[in-house]
Colleague: 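Can you keep this structure in mind? I'll have questions shortly.
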Amino acid sequence: MADTISLRIAIIGAGIAGLTTAIALKHHPSIDIQIYERASELREIGASIALGPNGMRTLDKLGVQNALDESIAFRNKSRLPMIYRHYKTNEVVSTDSHRGDVDFRHLTARFYRAHLQEALLEHVDNTRVHLSKAFHSVISDTASKKLVITFTDGTTTTADVLLGADGISSAVRRFFVSTSAPTWTGWVAFRSVFPISHVAHIPDLPDEATHIWGPDRSIFMSKLGRDLFTVVGSSQSDPSAHDAPYKDAMWDSDGDVNQLKQYYQDWSPLVRAVVDAVPYTRIYPNTAGHGLDSWVLGSGNVTLAGDAAHAHGGAFAAGGSLAIDDAWAFAASILEVFPASATTAPSEGDIARALDLYEKTRKSHTDRVLRTVHQGNKKKLDRVSKVETDEELRARMKNREDPAWIHEHDVEATFASVLVAEEKRVYGQARL
């Protein structure tokens with residue numbers, strides 16, 4: 001680190017987006033990254049998580065090879081991202097496939113979230129992570145030209161740039177856009193992660209990540225790293241109904257395995273055997289919000305990343321990769337205006353340009369994700385009051401949204417195209 005700090009970036013949130021951003025910028029000699037996390041300990045929640053080729057490729061570029069290791073990253077031996085089976089017959093009705101030339105290391109992988117977070121933390125200086133620091137407010141100090149960030153414990157810090165990476169209920173986002181809180185979609189996930197020994201005795205236990213669909217719900221099951229197994233059940237109801245189940249449920253709260261068994265009592269013998277073996281379950285009500293008009297907030301030196309920027313509710317299992325690509329794009333934008341070879345600090349104009357580049361690189365893509373998610377949520381609600389025939393179920397499984405455009409999005413190529421467009425615009429203005 002240079003003797004004089006030229007740029008200080010405060011990151012709110014020590015999740016995937018925040019940690020990856022710190023990793024992407026840690027080699028710059030004149031950038032000071034400080035991460036502020038509201039939790040009193042770094043204990044990742046949310047059970048399992050998937051990363052598509054985009055997220056895996058970006059982690060590889062950032063040198064986070066330990067996160068790609070087979071000991072924690074489970075990939076389907078068939079190379080297929082997902083396999084879809086029928087709830088009664090267990091037959092494979094459809095599969096996802098990779099569209100591009102995907103290296104084995106970058107194939108879609110499933111993780112226990114705690115394992116992924118541990119892998120990221122190995123690349124972050126722990127003295128830069130400050131716990132029990134919940135964001136409260138931020139103001140711009142005109143005298144120092146710094147952001148003054150206040151936490152709920154009354155302490156403050158200063159920074160040149162603030163990155164809100166504090167999740168789907170982001171306090172940073174709500175501070176600037178009070179109406180941006182996500183709302184419950186009516187969908188609830190019942191997540192469990194446990195030693196595979198609980199289900200190893202079951203004949204024909206899926207040895208690849210498998211999504212089993214029924215008329216009114218689905219269940220996902222997969223191996224994870226370090227001899228773990230995950231099961232994710234679901235329930236969909238009308239969120240506007242006054243008696244909707246789980247209407248007042250809290251994120252990561254205790255679930256009832258007996259209720260889970262009841263949900264799948266009429267499914268195939270395989271599903272019933274797996275569900276009967278689940279030792280516990282936890283409840284995760286799904287929420288989603290609409291996209292913001294802009295990610296550049298405050299006086300032009302505040303922005304967002306991950307679920308804080310695009311509250312899409314975990315659809316397509318894309319949240320982790322989207323957060324990782326956000327982090328890469330934010331870092332690339334900062335480095336574009338303030339390379340490691342720079343001898344002077346970036347100006348306010350430089351910072352504004354960096355955040356503009358970042359938004360142009362990411363927002364159109366994530367806005368498309370959000371639109372697709374909301375369309376899908378509407379279709380789910382339409383099915384709540386309808387009895388779906390087997391023929392309709394099979395058609396829905398075969399004609400579902402192809403997520404390859406999400407999971408194989410090339411953030412590096414997009415950033416390059418944004419730079420080219422900027423150069424053309426500047427050159428065109430110069431000629432006028």
Side-chain angles (χ1 to χ4, degrees), residues 50 52 76 78 80-99 108 183-191 204 206 208-222 230-241 243-247 259-276 281 283-288 312-318 368-407:
N76 279 354
S78 63
L80 297 172
M82 183 70 81
I83 296 169
Y84 299 88
R85 292 181 178 271
H86 189 275
Y87 78 114
K88 283 285 194 182
T89 67
N90 204 39
E91 66 189 289
V92 175
V93 177
S94 185
T95 62
D96 286 338
S97 60
H98 295 301
R99 299 303 182 200
T108 297
T183 56
W184 183 46
T185 66
W187 188 78
V188 176
F190 306 94
R191 300 180 181 273
D204 300 321
E208 298 197 295
T210 301
H211 204 180
I212 305 172
W213 283 22
D216 62 347
R217 69 188 71 247
S218 67
I219 191 166
F220 169 78
M221 54 188 71
S222 176
T230 186
V231 172
V232 183
S234 69
S235 172
Q236 178 70 52
S237 58
D238 182 353
S240 63
D243 58 348
Y246 307 103
K247 189 179 187 73
Q259 182 66 63
L260 193 68
K261 292 174 184 178
Q262 183 178 338
Y263 280 152
Y264 298 97
Q265 62 184 343
D266 297 325
W267 286 40
S268 71
L270 171 65
V271 172
R272 294 202 307 272
V274 171
V275 171
D276 283 346
T281 192
I283 300 172
Y284 297 87
N286 178 269
T287 59
H312 80 294
F316 299 105
R368 181 185 173 189
V369 173
L370 284 171
R371 287 194 300 271
T372 304
V373 166
H374 287 295
Q375 290 168 3
N377 288 341
K378 184 179 183 304
K379 290 178 181 177
K380 286 180 183 178
L381 285 179
D382 290 342
R383 290 197 300 272
V384 167
S385 58
K386 176 186 174 184
V387 177
E388 187 176 49
T389 66
D390 190 67
E391 183 179 4
E392 289 171 333
L393 168 63
R394 290 172 182 271
R396 178 163 60 89
M397 293 176 73
K398 293 177 180 178
N399 299 322
R400 72 198 179 285
E401 176 82 18
D402 182 353
W405 65 272
I406 300 176
H407 298 308

Colleague: Side chain to side chain contact (heavy atoms under 4.5 Å, CB included), that's the test. Do Asn377 and Leu381 meet it? Break it down for me.
Modeller: CA-CA 6 Å; Asn377 288 341; Leu381 285 179; 5.9 Å; no
Colleague: How far does CG of Asp204 sit from CG of Leu270, to the nearest 0.5 angstrom?
Modeller: 7.0 Å
Colleague: Please find the pair of heavy atoms, one from Tyr264 and one from Ser234, that lie closest to each other, and give the distance.
Modeller: OH-N, 3.0 Å
Colleague: When rounded to the nearest 0.5 angstrom, what distance separates CD in Gln375 from CZ in Arg371?
Modeller: 8.0 Å
Colleague: Which heavy-atom pair separates Arg99 from Ser97 by the least distance, and what is that distance?
Modeller: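 That would be NH1-OG, 2.9 Å.
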Colleague: For Pro81 and Thr108, work out which heavy atoms get closest and say how close.
Modeller: CB-OG1, 3.7 Å
Colleague: Nearest heavy-atom pair of Ala189 and Val232: which atoms, and what distance?
Modeller: CB-CG1, 4.1 Å
Colleague: Roughly how far, to the nearest 0.5 Å, is the CG atom of Asp276 from the CD atom of Gln265?
Modeller: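 Output value for this atom pair is 10.5 Å.
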Colleague: Tell me, do Pro239 and Lys247 make a side-chain contact under 4.5 Å, heavy atoms counted?
Modeller: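 A side-chain contact under 4.5 Å is absent here.
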Colleague: In terms of ring plane angle, is the pair Tyr84 and His211 parallel, tilted or perpendicular, where the classes change at 30° and 60°?
Modeller: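 Tilted: the ring planes of Tyr84 and His211 meet at 30° to 60°.
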Colleague: Can any side-chain N or O of Lys261 pair as donor or acceptor with the backbone N or O of Arg272 at less than 3.5 Å?
Modeller: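 The answer is no, because no donor-acceptor pair under 3.5 Å joins these two groups.
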Colleague: Yes or no on side chain to side chain contact (heavy atoms under 4.5 Å, CB included) for Lys379 and Arg396, after CA distance, side-chain angles and deciding distance?
Modeller: CA-CA 11 Å; Lys379 290 178 181 177; Arg396 178 163 60 89; over 6 Å; no
Colleague: Working to the nearest 0.5 Å, report the span between NE2 of His312 and OG1 of Thr287.
Modeller: 10.5 Å
Colleague: Quiz question: by atom type and distance under 3.5 Å, do the side chains of Thr372 and Glu401 form a donor-acceptor pair?
Modeller: no
Colleague: Considering all heavy atoms of both residues, which atom of Thr95 and which atom of Arg400 are nearest to each other, and what is their separation?
Modeller: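 What the structure gives for the nearest pair is O-NH2, 2.9 Å.
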Colleague: Grab the two heavy atoms, one from Val93 and one from Met397, that are nearest each other, plus how far apart they are.
Modeller: CB-CE, 3.7 Å
Colleague: Between Asp402 (side chain) and Ala404 (backbone), is there a donor-acceptor pair under 3.5 Å?
Modeller: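 Indeed, once roles are kept as given, a pair shorter than 3.5 Å links the two residues.
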Colleague: Please say which of Phe220, Tyr284, Tyr263 ends up in a ring pair (Phe, Tyr, Trp, His ring centres under 6.0 Å) with Phe190.
Modeller: Tyr263
Colleague: When you measure from the side chain of Lys88 to the backbone N and O of Asp266, does any donor-acceptor pair fall under 3.5 Å?
Modeller: yes
Colleague: Check whether any side-chain heavy atom of Tyr246 lies under 4.5 Å from a side-chain heavy atom of Pro285, and answer yes or no.
Modeller: no
Colleague: What's the separation between atom CE in Met221 and atom CD1 in Ile219, rounded to the nearest 0.5 Å?
Modeller: 4.5 Å
Colleague: Verify the neighbour count for atom CD of Glu91: are there more than 12 heavy atoms of other residues, nucleotides or ligands below 6.0 Å?
Modeller: yes
Colleague: Tell me whether the rings of Trp267 and Tyr87 are parallel (<30°), tilted (30 to 60°) or perpendicular (>60°).
Modeller: perpendicular
Colleague: Quick one: do Gln236 and Val384 satisfy side chain to side chain contact (heavy atoms under 4.5 Å, CB included)? Show the steps, please.
Modeller: CA-CA 7 Å; Gln236 178 70 52; Val384 167; 3.8 Å; yes
Colleague: So does Glu208 get a backbone contact from the side chain of Thr210, meaning a donor-acceptor N/O pair under 3.5 Å?
Modeller: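 Here the side-chain-to-backbone pair exists.
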Colleague: Once you round to the nearest 0.5 Å, how far does OG of Ser218 lie from CH2 of Trp187?
Modeller: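 One gets 6.5 Å once the value is rounded to the nearest 0.5 Å.
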Colleague: Please confirm whether the backbone N or O of Leu393 pairs with a side-chain atom of His86, one donor and one acceptor, at under 3.5 Å?
Modeller: no
